[in-house]
Amino acid sequence: MKFIDEYRDSDRARNILKKIEDTVTKPWTIMEICGGQTHSIVRNGIDQLLPDGVRLIHGPGCPVCVTPLDILDRALSIVSKPGVILASFGDMLRVPGSRETLSVAKSGGADVRVVFSPLEALNIARENPQHEVFFLAIGFETTAPGNAMAIKQAARENLRNFSELVSQFMVPPAMRAILSSEKNMIQGFLAAGHVCTVTGYEEYERIGEEFHVPIVPTGFEPVDILSGILRVIEMLESGRSGVHNEYGRVVSREGNPVAKKVVDEVFHVADGHWRGIGVIPQSGLQLRDEFAPFDTQKKFNVADIQPDESPLCRSGDVLRGMITPERCEAFGKECTPLKPLGAPMVSAEGACAAYYKYHGKVL
Amino acid sequence: MKFIDEYRDSDRARNILKKIEDTVTKPWTIMEICGGQTHSIVRNGIDQLLPDGVRLIHGPGCPVCVTPLDILDRALSIVSKPGVILASFGDMLRVPGSRETLSVAKSGGADVRVVFSPLEALNIARENPQHEVFFLAIGFETTAPGNAMAIKQAARENLRNFSELVSQFMVPPAMRAILSSEKNMIQGFLAAGHVCTVTGYEEYERIGEEFHVPIVPTGFEPVDILSGILRVIEMLESGRSGVHNEYGRVVSREGNPVAKKVVDEVFHVADGHWRGIGVIPQSGLQLRDEFAPFDTQKKFNVADIQPDESPLCRSGDVLRGMITPERCEAFGKECTPLKPLGAPMVSAEGACAAYYKYHGKVL
Amino acid sequence: MSIELQCPVPHFNHETIQMAHGAGGVLSRELTRKVFLPCFGNSSLDTLDDQAKLSIGAGKIAFTTDTFVVSPIFFPGGTIGDLAVSGTVNDLAVGGAIPLYLSAGFVLEEGFPLTDLQKVVSSMADAADKAGVQIVTGDTKVVEKGQCDGIFINTSGIGVIKNGIDISCTNLKPGDSIIVSGTLGDHGMAVMAARKGLSFQSDIISDTRSLSALISEILDEVPEVHAMRDPTRGGLAATLNELAEASRKGIVLDESTLPVRPDVQGASELLGIDPLNVANEGKVVVAVPRESAEKVLRVMQRHAYPSAGDAAIIGEVVDEHPGMVIVRTFLGSKRILEMPLGEQLPRIC
Amino acid sequence: MSIELQCPVPHFNHETIQMAHGAGGVLSRELTRKVFLPCFGNSSLDTLDDQAKLSIGAGKIAFTTDTFVVSPIFFPGGTIGDLAVSGTVNDLAVGGAIPLYLSAGFVLEEGFPLTDLQKVVSSMADAADKAGVQIVTGDTKVVEKGQCDGIFINTSGIGVIKNGIDISCTNLKPGDSIIVSGTLGDHGMAVMAARKGLSFQSDIISDTRSLSALISEILDEVPEVHAMRDPTRGGLAATLNELAEASRKGIVLDESTLPVRPDVQGASELLGIDPLNVANEGKVVVAVPRESAEKVLRVMQRHAYPSAGDAAIIGEVVDEHPGMVIVRTFLGSKRILEMPLGEQLPRIC
Amino acid sequence: MCLAIPGKVVAISDENGLKMGTVDVNGSLIKACLEYVPEIRIGQYTIVHAGFALKIIDEQEAAESLRLWDELLRK
Amino acid sequence: MCLAIPGKVVAISDENGLKMGTVDVNGSLIKACLEYVPEIRIGQYTIVHAGFALKIIDEQEAAESLRLWDELLRK
Ligand code: SF4
Ligand code: SF4
Ligand SMILES: [Mg+2]
Ligand SMILES: [Mg+2]
Ligand SMILES: [Mg+2]
Ligand SMILES: [Mg+2]
Ligand SMILES: [Mg+2]
Ligand SMILES: [Mg+2]
Ligand SMILES: [Mg+2]
Ligand SMILES: [Mg+2]
Ligand SMILES: [Mg+2]
Ligand SMILES: [Mg+2]
């Protein structure tokens with residue numbers, strides 16, 4: 001598969017691993033921001049192959065994990081109304097709300113449809129003019145362009161039965177928050193390749209400079225991740241900070257200006273409430289006022305949302321790299337992939353699920 | 001079963017049969033008005049047991065058979081609209097409309113519900129406030145009180161999503177029409193017992209006098225029917241006309257005044273279009289103007305109803321006793337209970353279905 | 001005294017079936033372990049192989065299938081579960097087979113309550129116990145909300161046919177007496193009364209039960225039985241028409257001998273539905289040479305099932321009018337008992 | 001030259017299933033006569049008895065059941081009909097049985113087009129022919145609009161097990177090689193691509209097919225096979241986990257040997273779904289002593305089915321980590337291959 | 001037309017302002033509107049059609065008429 | 001987050017006023033919105049995320065970077 005197989009080449013991967021071993025002289029703690037990278041790391045057992053001193057910490061870049069509980073509870077409350085259809089990416093279906101998941105709500109009769117693209121959600125709205133269709137517009141800078149385009153298009157077509165329940169986050173403020181924490185132990189970052197594809201990495205240069213950390217945008221295949229790790233280690237070993245782009249085939253310094261423009265047309269920056277972590281100033285996106293008719297939150301005034309997070313769940317600490325999942329008391333006991341207490345136990349990218357599947361057993 | 005078993009007593013029945021044989025001196029042609037009586041006659045083989053000269057002719061008193069095609073087509077057209085529920089007596093489901101039956105429409109997704117009482121249809125309206133519910137209010141003087149009460153109640157509760165598609169007929173005008181026909185051969189009538197329960201029989205006295213025929217209101221059990229036949233024959237043999245009530249346990253001269261009053265409050269007399277027969281002046285009932293909000297015909301303006309009756313079907317002649325079903329060319333060929341061309345082949349009371357099931361075979 | 005695991009074991013409160021219960025993964029396995037095995041468990045099923053491996057004596061075997069879609073799933077006198085077991089057991093038994101093994105195939109709608117599933121499964125286990133059969137292989141599918149009506153159950157069954165037994169619906173002989181093992185129409189009327197929306201109610205109890213013991217005793221004492229059938233969907237009318245047609249013989253019934261419970265008769269009058277067209281789920285119609293009819297009747301009457309006392313000889317097989325069933329009315333006239341046309345809808349006229 | 005009745009015979013234009021087709025009366029009979037008998041007809045079925053009466057050689061028989069609820073019912077490479085036949089045939093064959101007889105239980109939604117039913121039934125007849133089995137007993141239920149998704153089919157099956165064959169998912173032995181008969185995930189991906197609404201398309205063709213001939217040849221040449229299973233729902237991951245667990249052994253897979261079609265791989269990347277969790281309907285996983293593995297592979301490769309050339313030894317059975325399946329990645333690291341959790345939903349992350 | 005069944009009133013109630021009753025037909029019970037037989041009492045027989053009681057059955061008349069028939073027929 | 005897949009654009013169309021394309025991923029086809037890669041041509045590779053093409057893949061850069069890596073590693 002072009003642009004995939006090359007980066008799953010075992011010779012290349014082994015050579016980079018060898019080079020990492022040769023390069024490392026002391027222990028380093030590196031965070032991969034992105035859940036997709038986490039997934040690739042655990043799936044390919046990359047963490048098992050790194051020199052002992054090199055520690056990978058799973059970052060907060062899992063949209064499923066950080067979507068706040070009140071958004072989910074709101075979605076559940078709205079979809080329970082007659083005549084309402086919720087369209088959602090499949091990832092969200094098993095995420096625990098305060099009382100139930102979307103999947104359980106669906107089994108109870110709620111009209112929940114899995115879509116692959118926000119444009120499919122638009123289609124559902126076109127085909128069901130007598131229904132209210134809302135899309136659970138979650139994600140980071142990668143989903144924002146698509147979610148923005150769906151809104152623009154709905155406005156253009158005056159599709160008044162479509163709206164989005166928006167929960168959009170941005171990575172750089174979270175990186176700053178992590179680096180600003182007193183307990184921070186992250187020394188370098190693998191930046192999320194597809195986020196940078198959209199945004200570019202100028203802001204990352206500022207963070208790298210400000211906090212004196214190396215930041216390496218990279219891809220998701222084993223060779224991408226290994227070369228990213230090697231590059232971070234090289235920079236750490238040589239005391240360099242700032243950005244080194246290892247995903248040049250899609251990431252450029254300026255990103256995708258068309259996409260950035262549309263995102264900016266539709267959304268404005270606001271504080272973001274990250275599930276488990278709390279509010280990070282200026283880390284979220286909200287629909288601009290001129291798109292209010294397409295804002296689910298404004299359309300459906302859902303009072304009485306009292307999100308009820310499990311007191312056991314330490315997902316915030318896990319997502320910020322403060323603890324590894326095993327250190328959560330509920331891990332593997334009250335909380336398993338079958339009955340997750342927190343979102344990180346749900347998604348294939350969630351750090352807790354990844355640990356549950358791949359660690360602490362015979363490996 | 002009290003008030004049933006007594007009238008299924010074989011000794012009584014045989015004694016009456018004997019008496020009929022003793023009484024008859026010449027051939028007589030008697031019409032049982034009511035489809036329920038037809039059903040009882042063929043089910044119990046009463047026609048097989050009568051003396052050769054006594055001929056029973058099945059009358060037009062089958063509500064399923066006389067409901068006009070355009071009402072059915074209208075019902076089909078309205079129920080095909082989204083958000084509409086049709087409630088109907090089970091009897092109507094297999095009656096052929098121009099293109100399909102209610103049963104086929106239901107299998108295609110139309111929301112058709114079988115009810116046992118018009119009050120059940122009201123209930124459906126109460127339970128589905130976001131749907132329009134209409135009831136197929138068919139029948140003779142027996143169903144009129146129930147259908148009227150449902151309308152009164154809907155008005156009282158201001159249940160604006162309920163309406164009735166009315167097709168109500170009255171028996172006496174049809175009797176007059178039959179008796180007035182040049183080709184008439186009916187010499188006496190068994191009047192419909194339950195119709196007379198409601199209406200009483202004063203009007204029948206007028207008909208009996210005017211046309212010099214004996215008319216005997218009677219019940220539906222074998223002994224009722226046989227005693228009715230005996231009474232008609234006695235009157236014929238002795239040249240008497242007028243009414244002799246053989247169903248005194250429920251029929252009185254004045255009928256049920258409470259029911260008549262409510263029917264009169266809700267409906268007014270109008271011309272009636274009988275399927276297969278045509279218009280009989282002043283033989284139908286329509287909703288009074290003050291109940292217009294509950295009149296399906298006024299609520300749903302269904303244009304373009306072009307009822308398309310099978311040209312083969314001679315149900316009108318059958319219903320007026322002009323021909324027996326076997327004389328229809330389609331009988332048993334194009335028209336069978338499995339694929340009925342006309343309503344009389346559908347209902348258990350329909351003369352054609354009764355003939356198809358019980359006659360012309362080995363008996 | 002040892003404590004045995006009871007079926008049903010676990011208690012699901014408000015848990016419901018999820019799509020994942022049918023996806024072949026962890027939840028499918030849980031369902032099998034927590035619901036099916038505790039109730040059905042036996043050495044064939046417990047291996048969880050894709051198929052049961054069974055030892056069956058040589059000779060002929062009988063094989064049958066039925067899917068059960070009854071609504072409501074709980075009704076007076078039974079559940080969809082024991083109906084599914086008895087129905088298939090009976091289809092084996094009426095062929096002269098001794099029922100041995102059943103399969104169970106479930107289709108569940110997501111959202112179906114697990115407590116209801118447990119009730120159904122445990123009623124199946126009870127019914128299987130009573131009928132002396134084992135449920136040895138199974139399957140569960142889960143479909144999305146609105147794609148099935150709660151639960152459908154398919155059971156297929158295997159039984160052995162003893163040497164010398166030759167029973168088939170093609171075997172009617174003129175002179176055979178037609179016997180029915182009890183009152184007619186109980187099951188269908190019980191289910192209709194249990195449905196919401198119809199404004200009628202009754203204490204009618206479904207006759208759902210396994211006929212295997214009764215039939216095996218009949219065959220032991222009267223091996224000369226020609227045909228048997230359980231008059232289920234379409235009732236006695238459908239069954240007798242099928243027998244008449246398959247055997248190319250006529251059947252004459254005597255109306256006055258047809259056993260119908262008074263409340264079933266009442267319901268029939270109310271709904272305008274002929275009890276002869278209404279389903280039974282624990283009755284057998286037997287065709288046997290006239291001289292053995294009384295013997296069959298005695299076996300039935302000796303059995304303690306409800307309405308055993310109503311078992312009756314209701315008619316006979318004739319050479320005339322092949323394929324047709326005629327009823328002699330209480331007045332001595334005749335009418336044809338037709339194959340029913342379709343579903344039984346309550347009528348007003 | 002004689003003209004034979006072809007299956008399907010009658011042509012229904014716009015006719016659809018009505019409730020009455022399931023009511024046991026005239027229309028039920030018509031459906032049987034016009035649709036089922038012309039396609040399935042055989043001496044056991046033709047009597048229309050409540051059960052098939054079959055002669056089966058002495059010894060062990062295998063018995064299995066499955067209900068098929070696939071949507072859409074027509075997909076590249078198959079229909080719900082041939083899937084229903086092959087699926088049950090395969091569940092018999094993987095137990096070492098020679099499949100002989102099937103039952104067919106239909107649940108139809110009123111309004112279902114009769115032409116579709118005919119297509120389904122005729123594909124069942126074809127598949128049965130190819131697999132050398134007969135459909136000998138059946139049942140049809142019709143449910144109201146909205147109470148089933150068009151058509152569900154249950155098939156149950158019976159086969160005979162030759163003496164000396166002992167195959168079970170509890171039989172894995174350390175040192176056994178694990179062989180898969182071709183590419184993985186074809187069926188599930190073909191069905192997913194055929195679903196409306198997902199904005200993805202492919203030319204992936206379902207591998208739906210009967211394995212009976214292949215397996216019988218394998219067993220003829222390599223009777224020492226320990227275990228076999230068709231990796232259907234839950235895919236290879238579920239099947240291997242079940243085998244490991246039932247046998248209380250470990251399994252180690254070599255990632256680089258797993259055969260996956262390039263377009264299936266592409267679809268997997270697109271949808272974020274692991275092809276090892278995706279259903280196959282014409283593949284068998286065989287556990288056999290290492291020394292016989294190549295022989296099994298040769299039998300597979302000799303068979304002309306699509307992707308026979310992709311049959312491969314993919315792993316081995318070990319004493320370590322009983323109940324667990326481990327994948328050796330292309331980098332030499334290891335990961336656990338988990339029992340899948342539930343349905344496979346397309347994901348964006 | 002007009003399948004109407006005799007049964008005994010065993011319960012009377014008010015539903016949405018309508019006089020309703022339960023009518024026992026040989027052990028099977030049917031709900032019927034009693035608005036058209038306002039004077040009916042529990043224990044009396046009525047004739048029910050499509051969910052409405054149309055008339056109280058005149059038990060005396062019934063007995064008398066049967067008696068007359070039987071007499072007549074015995075002659 | 002952000003499962004995004006490289007594939008080749010094999011068709012371009014207009015749907016409801018949006019530039020849409022079909023992207024071939026190893027023989028499986030996905031519909032993607034091309035509004036964010038307006039200059040893309042058939043035959044070019046792009047990276048698709050949640051139904052949107054996010055960037056044209058720079059094939060030259062990819063080849064060059066792999067070459068550099070391989071060189072570096074060979075040392
Ligand atoms: S293991 Fe479960 S409870 Fe603990 S942090 Fe992770 S998701 Fe939360
Ligand atoms: S037999 Fe059929 S076509 Fe002829 S009059 Fe009767 S209903 Fe009409
Ligand atoms: Mg059966
Ligand atoms: Mg059966
Ligand atoms: Mg199965
Ligand atoms: Mg009830
Ligand atoms: Mg049967
Ligand atoms: Mg199976
Ligand atoms: Mg199977
Ligand atoms: Mg059956
Ligand atoms: Mg598609
Ligand atoms: Mg299998």
Side-chain angles (χ1 to χ4, degrees), chain D residues 72 75-77 182-207 235 255-256 258-280 306-307 309-310 330-332 343-349, chain F residues 1-38 40-59 61-63 65-66 68-70 72-75:
Chain D
F75 49 82
T183 50
L184 295 166
D186 302 5
H187 174 72
M189 282 301 180
V191 168
M192 225 171 300
R195 281 197 188 138
K196 285 188 211 104
L198 269 184
S199 12
F200 111 94
Q201 285 190 318
S202 80
D203 296 329
I204 302 170
I205 288 174
S206 165
D207 58 341
E255 186 173 44
S256 58
L258 295 169
V260 178
R261 279 168 59 120
D263 51 3
V264 170
Q265 186 63 44
S268 301
E269 304 287 346
L270 270 176
L271 301 175
I273 289 175
D274 190 335
L276 303 189
N277 290 352
V278 176
N280 311 275
S307 101
D310 297 305
F330 78 108
L331 290 171
E343 358 153 50
Q344 303 301 310
L345 295 170
R347 12 176 236 112
I348 53 147
C349 63
Chain F
M1 71 198 149
C2 320
L3 192 81
I5 301 301
K8 183 158 74 171
V9 174
V10 294
I12 295 179
S13 62
D14 179 286
E15 272 180 41
N16 304 303
L18 293 179
K19 179 169 182 169
M20 299 294 289
T22 304
V23 178
D24 180 329
V25 179
N26 237 20
S28 282
L29 304 176
I30 184 130
K31 201 159 50 154
C33 178
L34 303 181
E35 284 287 322
Y36 293 130
V37 286
I40 204 164
R41 294 183 319 274
I42 285 179
Q44 284 188 309
Y45 279 79
T46 180
I47 189 123
V48 180
H49 170 70
F52 282 79
L54 294 184
K55 203 72 186 288
I56 299 175
I57 295 179
D58 186 335
E59 301 199 36
E61 201 286 343
S65 128
L66 276 179
L68 284 174
W69 268 112
D70 290 349
L72 176 81
L73 294 168
R74 229 173 290 124
K75 281 175 213 159

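Naming: A, B, ... by sequence-line order, numbering from 1 per chain. Note that these values count all heavy atoms, side chains included, but never hydrogens, waters or copies made by symmetry.
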Interatomic distance, F/T22 atom OG1 to D/Q201 atom CD [nearest 0.5 angstrom]: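 Here the interatomic distance stands at 7.0 Å.
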Any chance you could measure D/L271, atom CG, to F/I30, atom CD1, to the nearest 0.5 Å?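 Output value for this atom pair is 6.5 Å.
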Taking everything shown except F/K19 itself, do over 12 heavy atoms lie less than 6.0 Å from its NZ?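 Count over threshold, so yes.
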I'd like to know whether CG of D/D203 has more than 12 heavy-atom contacts from other residues, nucleotides or ligands below 6.0 angstrom. no
Please name the pair of heavy atoms, one in D/L270 and one in F/S28, separated by the smallest distance, quoted to 0.1 Å.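 Answer, listing the atom of D/L270 first, then F/S28: CD1-CB, 4.2 Å.
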Highest number of heavy-atom pairs under 4.5 Å with chain D: which of F/A32, F/G7, F/G27? F/G27
Please classify the contact of F/I5 with chain D as side chain, backbone, both or neither, using a heavy-atom distance under 4.5 Å.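 For F/I5, side-chain heavy atoms alone lie under 4.5 Å from chain D.
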